[in-house]
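Only one structure is covered here, and it is reproduced in the block below.
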Amino acid sequence: MDNQLMRALQQLLQEGKVPSVALLKGRVGKQVSMHELISAVQQAKTAPEKILAADTAPAPAASTAAKNSNAETSNSAEVLAELKAIRNELAWIRAHIEKQNESASDS
């Protein structure tokens, strides 16, 4: 995948946005085939962690790296907290559906 596409996908994911062909095309700013755009979006949706982990630029200076590390840690903690909340909500929904199904079976 083109480095420019990869960087654009990483930016979208880091901003918490769901990658789409339109968003990606707007970020890339050059002629990219529709096939490449669709393929890149599919990869980002199926394996966002691989997109985020991909190295697309030279290593930043030490001070910048430390700042980025702190920001990433903060973002990671926020993402984990959101995931936990989503998991809890999903568990509640599943339990509620099971309870409804049991009530329907008892009738």
Side-chain angles (χ1 to χ4, degrees):
M1 180 184 314
D2 178 60
N3 264 356
Q4 190 173 7
L5 274 175
M6 185 68 77
R7 281 191 300 273
L9 281 173
Q10 288 173 333
Q11 288 173 348
L12 289 170
L13 291 169
Q14 288 168 349
E15 293 169 9
K17 295 180 180 174
V18 177
S20 69
V21 172
L23 280 174
L24 188 56
K25 183 141 180 90
R27 295 283 174 111
V28 174
K30 69 173 189 171
Q31 284 298 105
V32 177
S33 74
M34 189 59 70
H35 174 74
E36 286 179 290
L37 290 169
I38 292 170
S39 176
V41 168
Q42 287 174 339
Q43 287 180 23
K45 287 184 178 180
T46 58
E49 66 282 352
K50 287 183 182 179
I51 299 294
L52 288 170
D55 185 20
T56 58
S63 61
T64 304
K67 289 178 188 175
N68 288 344
S69 177
N70 289 340
E72 288 175 13
T73 301
S74 175
N75 287 341
S76 295
E78 290 173 17
V79 169
L80 285 174
E82 287 181 39
L83 282 174
K84 286 179 184 178
I86 291 169
R87 284 183 183 149
N88 289 339
E89 188 173 348
L90 183 57
W92 180 87
I93 290 169
R94 285 180 176 159
H96 188 71
I97 290 172
E98 287 177 17
K99 190 182 287 186
Q100 284 183 335
N101 286 342
E102 288 173 6
S103 295
S105 296
D106 292 340
S107 299

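Values below: every heavy atom of this structure, side chains too, minus hydrogens, waters and symmetry copies.
Summarising the geometry of Val41 relative to Pro19, their closest heavy-atom pair is CG1-O, 3.5 Å, with the distance given to 0.1 Å. Nearest approach of Gln10 to Ala54, heavy atoms of both residues: NE2-O, 2.7 Å. Nearest heavy atoms, Ile51 versus Ala44: CG1-CA, 3.8 Å.
In this structure, CD1 on Ile38 lies 11.0 Å from NZ on Lys25, to the nearest 0.5 angstrom. Here CE of Met6 is found 10.0 Å from CG of Leu52. Values are rounded to the nearest 0.5 Å. Rounding to the nearest 0.5 Å places CG of Leu24 at 5.0 Å from CG of Leu9. The CG atom of Asn88 lies 11.0 Å from the CG atom of Leu83; values are rounded to the nearest 0.5 Å. Atoms CD and CD, from Glu36 and Gln4 in turn, are 10.5 Å apart once rounded to the nearest 0.5 Å. Glu89 contributes atom CD, which lies 14.0 Å from atom CZ of Arg87 (distance to the nearest 0.5 angstrom).
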Val18 and Leu23: CA distance, side-chain angles, deciding distance, side chain to side chain contact (heavy atoms under 4.5 Å, CB included) verdict: CA-CA 9 Å; Val18 177; Leu23 280 174; over 6 Å; no
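The salt bridge (Lys or Arg N to Asp or Glu O under 4.0 Å) contacts involving residues 13-23 comprise Glu15-Lys17, Glu15-Arg27, where partners must be two or more places apart or lie in separate chains.
No continuous path of ILVMFWY side-chain contacts below 4.5 Å connects Ile86 to Ile97, so the two sit in separate hydrophobic clusters.
In this structure, the side chain of Ser103 engages the main chain of Lys99 through a donor-acceptor pair within 3.5 Å.
Every ring-ring contact (aromatic ring centres under 6.0 Å, His included) that His96 has, sequence neighbours left out, goes to Trp92.
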